[in-house]
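Taking it in order: structure first as C-alpha cells, then the write-up.
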There are 4 protein chains.
Amino acid sequence: MTSQKSSEELKTRAPKRQRGHDRVAVLLEAAAKVFARRGYDAATMTEIAAEAHSSIGSLYQFFPTKPLLAEALHIDRLERLKAGLRDMAERSIGLSAAGSGEAIFDALAAFIEQYPEFPVLAGRRDIPKDRKARSRAELRELIAAFLRQAHPPITDDIVLMAGIVLELLRIAVVVSSDPDAAEDRRVFAELRLMLRKRLEDATAKD
Amino acid sequence: MTSQKSSEELKTRAPKRQRGHDRVAVLLEAAAKVFARRGYDAATMTEIAAEAHSSIGSLYQFFPTKPLLAEALHIDRLERLKAGLRDMAERSIGLSAAGSGEAIFDALAAFIEQYPEFPVLAGRRDIPKDRKARSRAELRELIAAFLRQAHPPITDDIVLMAGIVLELLRIAVVVSSDPDAAEDRRVFAELRLMLRKRLEDATAKD
Amino acid sequence: MTSQKSSEELKTRAPKRQRGHDRVAVLLEAAAKVFARRGYDAATMTEIAAEAHSSIGSLYQFFPTKPLLAEALHIDRLERLKAGLRDMAERSIGLSAAGSGEAIFDALAAFIEQYPEFPVLAGRRDIPKDRKARSRAELRELIAAFLRQAHPPITDDIVLMAGIVLELLRIAVVVSSDPDAAEDRRVFAELRLMLRKRLEDATAKD
Amino acid sequence: MTSQKSSEELKTRAPKRQRGHDRVAVLLEAAAKVFARRGYDAATMTEIAAEAHSSIGSLYQFFPTKPLLAEALHIDRLERLKAGLRDMAERSIGLSAAGSGEAIFDALAAFIEQYPEFPVLAGRRDIPKDRKARSRAELRELIAAFLRQAHPPITDDIVLMAGIVLELLRIAVVVSSDPDAAEDRRVFAELRLMLRKRLEDATAKD
DNA sequence: CATGAATGAGTATTCATTCAT
DNA sequence: CATGAATGAATACTCATTCAT
C-alpha cells in the first residue's frame, strides 16, 4: 500500500505458458479495437479488458500500465508494417520509381485501413521523443530501401523521397478514417499522382 | 465524459459589457495556451482558469462546458484563419496559380505556428461530424476562391486543388510541432515544390 | 487523463475562505481518528472523508495526497507538542532535574494518550530521513531546554539526558495503547523512577 | 484485508518431506527479508515468492494467507529468541544481576540486528490481542528466569525487572534500525547503564 | 458577476487469493 | 506439489461541474 517500489522499470511481462500467449494476443487485439474506437486518452483499461472478455487483473498481469500496453501494441503494429514493407520490397524488384511510390502509398493506406489504431498509437503524446524519432527513421529507411531498388535508379536524395512518402501517409490516415468523404478520395488519388510525377522527375533518364 | 447536459441547450454566454469582453478574450487565450501545451483531453478547466489568472467559477460563467470552450476557441481561430486568407486573397490579385499555392502553403504553416492549439482543436474527437465537414468545406472554398483569381487561370478542378492544399496543411502541422527536425523541414520544402509543380501543370498555357 | 504534470511539487493547499478553514480542521481531526484506529497503511482516504462527513473530493481539495495529509497532521501534532513543552517549561521554573524529568515523562504520556495518532504518524515509513531527524532534534532540544533550567543544574550532558527522555517516550506509547495491561503500568512507573534516579545522579550536589 | 477465510480453519500446512522442509525454510527467510525491507503492509506475497525464487502458488501451498505466513515467521523468530535466551541462561550461571541485565540487553540488541523483521512482525496490527500478550508473557518469564539465578539474588519483583528489560528492547529496535545515529548509540549505552544501576539497587546486599 | 469550496462518478492500478494445467 | 495465469474488490486520485457566499 505504501510501497516505495524501488524504481525498477516496469516492463511488459512475457507470458510463460501457452494460455498466457493466447491471452496476450487477445488483449492486444482488444486494445487495438478500443484505441481505434475511442482514441488513446478516452480508452479505458476497463473497456479494453471487457472487450477481451477478460478481467482487469489479467490485463494488468501482462501490461502493467496503460502506456506500456499502448507501446506494446504500437511496436507490434510497427513490426507488421515493417514486415509488410520488406515483403513488398522483395516482390517488387525491378519496379520503376514511380511504380514503387504508388505501391507504397497504397500499401500504407491499406495498412491504416486494417489497423486504424495505428495513427492513434503513433500520435499519443507521451511517447518519448527519441522513440518517436527512431520509429520514423526506421520506417523512412525501409521506404528508402524500397526506392533504392527502382529501375532506372532515382537520382535525387532517396531518403528525402522516403520522407515525402511518409508524410503523405498522414493524408492517407485522414482519408481512411472518413469513409463517406468521396471528395477526400479524389484528393487522395491526386496526391498519389503527384507522388508519381515527383518520382518520375527524380528518375535518371536511362 | 461526465457531461450531463441540462435540458436547455447550453450555449456560450455572450458577455454584455466591455469588462466581460476582455475577460472572455483572456480566458480564450489561456485556453489556447493550455490546449496547445497539454492537448485537449489532458487540458483541465482548472489549469485554464489558473492560466487566465481567473477562477473556475468565472471560467464557467462564460463557457459552461469544456467542449463549448473548445468550440468557441476553435471558431475564433477558424475566423482568424478565414480572415487571413481573405485578406491574403485581396493582396494577391494577379498572382500565378503556382505562386498562390506557395503563398497559401506558407500562410497555413505560419498560422499553425502562431496558433499551435489549432490542430488540437480541429482534431478533438467530439466534434460533431457535420461541423467538422462544414469547417473543412468553408476552408476549401476560401482556398478555392483564392486559386480562382490566379493568372493564367487554373484549368483543372479548382476545388480539388484546394483540397490538396488543405491536406498538405497536415504536414505543416507536424513540421511546426517538431522544431529540431531538420529533415522534416526539407520534406516540407519539397512538398511545397511539388505543389508548385502541380499547380503549374494545372495552369492554362496562355 | 494522460497528464504529464510538470513536476510541480504537490503541496497542501491553504484554504482561502472561512468555510475552507473549518473544513480543513474537521478533515484533520477525522484523519487523526482514522490513523489512530487503523494505522497509516490501513487508513483509507475514503474512510477519512467519511469520518469527516465530507466527500472524497473535498478531502483532496486540501490534501492532494495521503502522505501529504499525514504530514500536515504530523506537523500539527508536533506543533502542539512543542507548544505544550514550551508552556510547561515556563510554568516549571525552579524545579529539580528529577522533578523536571518526571514532569516531561508524564506530559509525553498524556500527549500520546490525547493524540494516539502521533506515534502512527511518527512511525510511518515514508517520512524523509532528514525530516525525521529534524523532528527528533527539535524535540530533543526542547526537552534539553527544559532540563537546563533545573535547580540545582545538571552536570552531565544535557542533550544526552534529553535523548533518554525521548526514548522513554516509546515505552509510553505502548503502555498508553494497551489499556488493560496493568502490568505495563507498573513497568511504566518503574521506568519513571529510573529516570528520576538517573537525573538525581546527574545533578550537581549544590 | 481481503481475506475470506473458508469454513475450515486455515493452518500453515506442515510439509511432509525433506524437500518441503527446505522449501519452507527458504520461503520463511525470503519473507523475513521482504518484511524487513518493506514493512508488513507493503510486503507483497508476490515479492516474497520472487525473493525465494519460488512461485506464488508454492508460497500459498505452505502458507495459505499472508497473516499466517507472518505468524509462522514470527513464531520462528520467537523460538529462536527464546532458545537464545535459554542458552544464554545456561552459560551465565553465577552472574550478578547487573551483569545479567547487561547481557540480556546486548543479546536483545544483537537479536534485532540479526533479525530486523522481528519488530515488524511483533508490531503488525492484526495480531490477536491474546497472542500478543502471551508472547510478551513468555519472553518476560524467560528473562525473569534468567534474572532469578543471579548471585546475589534480586530482592525486588523479578517479573517487573524483566518487564523493564523487555521495554528497553524497544529502544534497541530504533537504535539498531538507524545506523548513522551516533547520538542514538550513546543513548543506548546510557540506558544500558541505567539498567545496570537499577539492578544493582535491586540486589540483596549479601 | 467573482470566487473557491463541494461533489462524486470515473480511472488506473494493486494485491491477496484461487485454480487449471 | 509446482507453476503462473485469472480474478475482482479495494484504493488513491482526477476533474468536470455545481453552488453557496
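Every heavy atom of this structure was used, including side-chain atoms; hydrogens, water molecules and symmetry mates were not. Here is the naming used below: chain letters follow the sequence lines, and residue numbers restart at 1 for every chain.
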Practice prompt. Identify, between A:Gln61 and C:Gly57, the residue whose nearest nucleotide on DNA chain E lies closer to the 5' end.
Written response: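 Taking each residue's closest nucleotide, the earlier one in sequence belongs to C:Gly57.
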Discussion item. Let me spell it out: for each of C:His53 and A:Pro64, pick the nucleotide of DNA chain E with the closest heavy atom. Which residue's pick is nearer the 5' end?
Written reply: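 Nearest-nucleotide comparison on DNA chain E picks C:His53.
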Within the pair [X] and [N], is there a side-chain N or O less than 4.0 Å away from OP1 or OP2?
| X | N | answer |
| --- | --- | --- |
| D:Ser58 | F:dT3 | yes |
| D:Ser55 | F:dA2 | no |
| B:Arg23 | E:dC1 | no |

Fill in: Residues forming a side-chain hydrogen bond (donor to acceptor under 3.5 Å, both in side chains) with A:Gln61, sequence neighbours excluded
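With neighbours one apart ignored, the set is empty.
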Worksheet item: Partners of A:Tyr115 by side-chain hydrogen bond (donor to acceptor under 3.5 Å, both in side chains), sequence neighbours excluded?
Response: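 Only A:Arg80 meet the side-chain hydrogen bond (donor to acceptor under 3.5 Å, both in side chains) criterion with A:Tyr115.
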To the nearest angstrom, how far is [X] atom [atom1] from [N] atom [atom2]?
| X | N | atom1 | atom2 | result |
| --- | --- | --- | --- | --- |
| D:Asp22 | F:dA2 | CG | C1' | 16 Å |
| D:Leu27 | F:dC1 | CG | P | 13 Å |
| D:Met45 | F:dG4 | CE | P | 16 Å |
| B:Glu47 | F:dA16 | CD | P | 10 Å |
| C:Phe63 | E:dA6 | CZ | C1' | 15 Å |
| C:Phe62 | F:dC13 | CZ | P | 17 Å |
| A:Leu59 | E:dT11 | CG | P | 15 Å |
| A:His21 | F:dG4 | NE2 | P | 14 Å |

Practice prompt. Tell me which of A:Arg13 and C:Thr65 sits closer to the 5' end of DNA chain F, going by the nucleotide each one is nearest to.
Written response: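 Checking each residue's closest nucleotide, the 5'-ward one belongs to A:Arg13.
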Discussion item. My understanding is that only residues two or more places apart in sequence, or in another chain, count here; which of them pass salt bridge (charged side-chain N to carboxylate O under 4.0 Å, His left out) with A:Glu71?
Written reply: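 Per chain and number, A:Glu71 pairs via salt bridge (charged side-chain N to carboxylate O under 4.0 Å, His left out) with A:Arg131.
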Practice prompt. Could you check which of F:dA12, F:dA2, F:dT7 has an atom nearest any side-chain atom of C:Lys66?
Written response: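 Nearest to the side-chain atoms of C:Lys66, counting from C-beta on, is F:dA12.
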Worksheet entry | C:Ile56, nearest nucleotide to its side chain (from F:dA5, E:dA5, F:dT14) |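 From the listed options, F:dT14 comes nearest.
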Item to complete: Not counting sequence neighbours, list each pair that qualifies as a salt bridge (charged side-chain N to carboxylate O under 4.0 Å, His left out) and has a residue in residues 52-67 of chain B.
Response: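 Residue pairs with at least one partner in residues 52-67 of chain B: there are none.
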Practice prompt. Would you name the heavy atoms of A:Pro67 and A:Tyr40 that are closest together and state the gap between them?
Written response: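 For A:Pro67 versus A:Tyr40, the nearest heavy atoms are CA-OH, 3.3 Å.
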Worksheet entry | For the student: nearest non-hydrogen atoms of A:Leu27 and A:Ser58, plus distance |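 Of all heavy-atom pairs spanning A:Leu27 and A:Ser58, the closest is CD1-O, 4.1 Å.
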Practice prompt. Using a heavy-atom cut-off of under 4.0 Å over every strand shown, decide if D:Ala43 touches base, sugar-phosphate, or nothing.
Written response: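 Here D:Ala43 touches the backbone only, sparing every base.
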Worksheet entry | Which nucleotides of DNA chain E pair, in dot-bracket form (Watson-Crick or G-U under 3.5 Å, | meaning another strand) | .||||||||||||||||||||
Discussion item. Taking side chain to side chain contact (heavy atoms under 4.5 Å, CB included) as the definition, give me every residue that meets it alongside A:Pro119, ordered by chain and number, with sequence neighbours left out.
Written reply: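 With sequence neighbours excluded, A:Pro119 shows a side chain to side chain contact (heavy atoms under 4.5 Å, CB included) to A:Ile112, A:Val173, given in chain and number order.
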